[in-house]
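The structure under discussion appears below in the form of structure tokens.
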Amino acid sequence: MTPRRTRYAPSPTGYLHVGGLRTALYNYLLARQSGGAFVLRIEDTDQTRKVEGAVENLYEIFAWLGLDFDEGPRSGGPVGPYVQSERLAIYNDHLQRLVTTGHAYPCFCSSEALEIMRAEQSARGISPMYDRRCRTLARDAARTRIASGEPHVWRMAVPPGRVIAVDDLIRGTVEIRSDTVDDQVLMKSDGFPTYHLANVVDDHWMEITHVVRGEEWLTSTPKHMLLYEFFGWTPPRYAHLPLLLNPDRSKMSKRSGDVAVEDYRRRGILPEALINHVALLGWHPGDDRELFGVRDLIAEFSLERVGKAGAVFDVTKLFWMNSEYLKEQSDDVLFERIRGELGELIEVNGEARVRYAVASLRGGIQTYADLTERVVQVFAPAPHPDNEMARLLHESAIRDMLGDFIMRMAEIEAAQWSEFAGLEDRFKSVAAEAGKPYGVKGRTLWRGLRAALTGQPHGPELAKLVGMWGRERTLSQLGRALDTARNALSR
RNA sequence: GGCGCCUUCGUCUAGUGGUUAGGACGCUGGCCUCUCACGCCGGUAACACGGGUUCGAAUCCCGUAGGCGCUACCA
């Protein structure tokens, strides 16, 4: 496979959109599977949208994701600089080339004038497009106005009557008539290039072989093709990815929930799960497997298996996938990950019992937070008893059985309370023995014990619960339950 | 409005002329079980519509509808 050079080229807006993550991921996979290079380029040509610290955040979040760049602002590389605002001279040189060859021209139209023009066009029912009034300005006159300091932009001169074909790796050949292509601004009046110019120039000199980006760029690709032609360069291969959608099928955006990778990290999603989920939004392996690590993806990803239709970002499935990754983690890892939240619990109850709780309660969690919550709840003070459960305590058989049960539990030596597996067995046999004389067994027995121990209809397996609680709490709770049962009797 | 892209279960998708249209999430029934959850087994639910082509169309062609994107001195 010939090495592919791909890039992720965000504007520094301060956060990584999950759509951006997928774009970056696909680019990363393409580079890695071919032994090529994955480049980070910062497209900060819009001075009004600059966000402080955005590049640092970006590197931080990619580090969390485990995706690394071969070249970029931080590590440098042979074709830098990798920040567009540091490449202004390059864009200027290239603009001059276009001016010289007649492919770009200055435009003095003010924003206000353009707005009026577009308003008129819409009113007349024609599509708003620059009317090219400055394209025919005499060269000398234009030069004079520029020399006098008159504000101006530079536009590309789109040739009329052409059909521009974009050969897209995902969509096949897309043809667009040049007459529907606007004379795009290439250089803004503040001296910064627009996306179109900077992007083409950079992709060329950075030797990008595959441009993989969102579908929103498809309709402007003819402009880019034209620029390559004007410069006499060979364009890269293009692949326009289907959009990621909100549940209402509009382009995924803020305001309809969480769209930033950071949001999902905060909500307890593992990077592996997020990457896996996002990889499958548009790409399909061809068989029924769904769990893919980055290594698998590198081995198996291919643009040929990327679909064309937009995909709704399904948060529910993401959380399911997260639970799948959580299942693969050992009890120890799980414990360490939430240890911080459990500080006080560990001090009070001892690490062994809390670890045991983690191991016992991990089934079916979707995030670390779920697990933390369960553990905290187990050790928390008992809530008000459930009415139905409280009533059970007053049944005579259960009340009588409870006395025996407590005695037998109290007989369990202290040392055995910390041998959890053994304690579970012991608890079960003690329960069975205590119930036997009173004819209490099975469901009735366990419901009764649950009433005595927690007063709640649902909760962890009782044989495990007592191990988590330890001798002291278990016995005191049982004692209290017995008091309750007897008081009810004497009333 | 113009231009472009897209269209299989609610969602992600498999499917490239002949399949009981498959899988996953969700929802749901059952089993397991001291409860909940987990797990296991089962169910639910889709080819946007209309014309062709063909012995035969989810698959090919045309049209319609719908959705989305772009239409900035934003990317």
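The chains referred to below are lettered A, B, ... by the order of the sequence lines, with proteins before strands, and numbering in each begins at 1.
- Within the 4.0 angstrom heavy-atom criterion, base atoms lie near A:Ser189.
- A heavy atom lying under 4.0 Å from RNA chain B marks the following residues of residues 40-49 of chain A, by number: A:Glu43, A:Thr45, A:Asp46, A:Arg49.
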Using a cut-off of under 3.5 Å, enumerate the N/O to N/O pairs linking the protein to nucleotides 48-50 of chain B.
none

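- Each of A:Val18, A:Asn322, A:Leu21 was evaluated against A:Tyr264; a single residue qualifies, A:Val18, per the side-chain contact (heavy atoms from CB on, under 4.5 Å) test.
- Between B:A21 and B:U16, the two C1' atoms lie 14 Å apart (nearest whole Å).
- No side-chain donor-acceptor contact under 3.5 Å links A:Asn57 to the backbone of A:Tyr15.
- For A:Lys188 and B:A75, the shortest distance from a side-chain N or O to OP1 or OP2 is below 4.0 Å.
- Only the P atoms considered, B:A58 is 11 Å distant from B:C49, to the nearest whole Å.
- A:His240 places its NE2 atom 15 Å from the C1' atom of B:C68, with the value rounded to the nearest Å.
- Judged by distance alone, with hydrogens and angles left aside, the side-chain atoms of A:Asn276 form a donor-acceptor pair with the main-chain N or O of A:Glu290 at under 3.5 Å.
- Not one N or O on the side chain of A:His103 forms a donor-acceptor pair closer than 3.5 Å with the backbone of A:Val99.
- Listed pair A:Arg305 / B:G15 meets the phosphate criterion, a side-chain N or O lying under 4.0 Å from OP1 or OP2.
- To the nearest whole angstrom, the two C1' atoms, one in B:G15 and one in B:G67, are 23 Å apart.
- Backbone-only engagement by A:Gly282 is indicated by non-hydrogen atom pairs under 4.0 Å involving sugar-phosphate atoms exclusively.
- For A:Ser127, the side-chain atoms get nearest to B:G1 when compared with the rest of B:C5, B:C12, B:G1.
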*What string of B, S and - do you get for nucleotides 20-37 of chain B 5' to 3' if you count protein non-hydrogen atoms under 4.0 Å?*
---BBSS-------BBSS

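- Between A:Asp182 atom CG and B:C74 atom P the separation is 13 Å, expressed in whole Å.
- For the residue pair A:Gln329 / A:Tyr368, a side-chain donor-acceptor distance below 3.5 Å is found, with atom types taken as modelled.
- Ranked by how close their nearest RNA chain B nucleotide is to the 5' end, A:Asp190 and A:Leu245 are led by A:Leu245.
- Of all nucleotides present, none satisfies the Watson-Crick or G-U wobble test against B:U59 with each distance under 3.5 Å.
- Nucleotide B:U16 holds its C1' atom 11 Å from the NZ atom of A:Lys308, rounded to whole Å.
- Annotation: B:G43 and B:U20 have their C1' atoms spaced 16 Å apart (nearest Å).
- In this model, a donor atom of one side chain and an acceptor atom of the other lie less than 3.5 Å apart for A:Asp183 and A:Tyr105.
- Formation of a donor-acceptor pair under 3.5 Å by the A:Arg362 side chain with backbone atoms of A:Leu326 is found in this model.
- The aromatic ring centroids of A:Tyr91 and A:Phe192 lie 6.0 Å or more from each other.
- Here A:Val185 lies in heavy-atom contact (under 4.0 Å) with sugar-phosphate atoms only.
- Between A:His277 and A:Phe313, the ring planes are perpendicular. Angles over 60° get that label, and only those under 30° would be called parallel.
- With P as the reference atom, B:C74 and B:G66 are 34 Å apart, rounded to whole Å.
- Nearest-nucleotide mapping onto RNA chain B: of A:Ser111 and A:Arg177, the residue sitting toward the 5' end is A:Arg177.
- OP1 or OP2 of B:C70 has not a single side-chain nitrogen or oxygen of A:Lys223 nearer than 4.0 Å.
- For A:Tyr195 and A:Trp217, the distance between ring centers is under 6.0 angstrom.
- Within the 4.0 angstrom heavy-atom criterion, no nucleotide atom of any strand lies near A:Arg289.
- A:Thr23 places a side-chain N or O within 3.5 Å of a backbone atom of A:Gly19 that can act as its donor or acceptor partner.
- B:C73 is unpaired under the Watson-Crick or G-U wobble criterion, no partner having all donor-acceptor distances under 3.5 Å.
- Within 4.0 Å of A:Arg213, counting heavy atoms only, lies no atom of the nucleic acid at all.
- Between A:His210 and A:Tyr238, the distance separating the two ring centers is not shorter than 6.0 angstrom.
- If you check B:A24 for Watson-Crick or wobble pairing at under 3.5 angstrom, you find it paired to B:U11.
- The side chain of A:Val312 lies closest to B:U11 when the candidates are B:U11, B:U7, B:G2.
- Taking atom CE of A:Met156 as the reference point, atom C1' of B:C73 lies 16 Å away to the nearest angstrom.
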Show me the donor-acceptor pairs, under 3.5 Å and distance only, between side chains in residues 420-428 of chain A and residues at least two apart or in other chains.
from: A:Glu424; atom 1: OE2; to: A:Tyr356; atom 2: OH; distance (Å): 2.5
from: A:Glu424; atom 1: OE2; to: A:Lys464; atom 2: NZ; distance (Å): 3.3
from: A:Arg426; atom 1: NH1; to: A:Gln416; atom 2: OE1; distance (Å): 2.7

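- Comparing B:C73, B:C6, B:C3 against the side chain of A:Arg155 picks out B:C73 as the nearest.
- Within residues 272-281 of chain A, the residues having any heavy atom closer than 4.0 Å to RNA chain B are, in order of number, A:Leu280, A:Leu281.
- Looking only at distances, no side-chain donor or acceptor of A:Asp331 sits under 3.5 Å from a matching main-chain atom of A:Ala359.
- No side-chain N or O of A:Gln47 forms a donor-acceptor pair with one of A:Asp190 less than 3.5 Å apart.
- A donor-acceptor pair shorter than 3.5 Å can be found between the side chains of A:Ser250 and A:Asp248.
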*Reading nucleotides 58-67 of chain B from the 5' end, what letters show protein touch, with B for base, S for backbone sugar-phosphate only, - for no heavy atom under 4.0 Å?*
----------

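- The minimum heavy-atom distance linking A:Arg267 with A:Thr367 is given by the pair O-CG2, 3.5 Å.
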*Give the intermediate values and the outcome of side chain to side chain donor-acceptor pair (under 3.5 Å) for residues A:His240 and A:Arg171.*
CA-CA 7 Å; A:His240 288 93; A:Arg171 278 149 224 287; 5.8 Å; no

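- Within the shown strands, nothing qualifies as a pairing partner of B:U33 under the Watson-Crick or G-U definition with both distances less than 3.5 Å.
- Residue A:Phe292 contributes atom CZ, which lies 14 Å from atom P of B:U13 at whole-angstrom precision.
- Judged purely by atom type and a 3.5 angstrom limit, A:Glu175 has no side-chain atom pairing as donor or acceptor with the backbone of A:Val163.
- Judged by distance alone, with hydrogens and angles left aside, the side-chain atoms of A:Trp154 form no donor-acceptor pair with the main-chain N or O of A:Leu98 at under 3.5 Å.
- B:U19 is unpaired under the Watson-Crick or G-U wobble criterion, no partner having all donor-acceptor distances under 3.5 Å.
- At whole-Å resolution of the value, CZ in A:Arg124 and P in B:U71 are 21 Å apart.
- The distance between atom NE2 of A:His196 and atom P of B:A72, rounded to the nearest whole Å, is 10 Å.
- Residue-level contact check: A:Arg362 touches neither bases nor backbone, having no heavy atom under 4.0 Å from any strand.
- In this structure B:C5 sits in a base pair with B:G67, meeting the Watson-Crick or G-U test at under 3.5 Å.
- In this structure, A:Glu115 atom CD and B:U71 atom P are separated by 15 Å, rounded to whole Å.
- Rounded to the nearest Å, the gap between the P atom of B:U11 and that of B:A46 is 12 Å.
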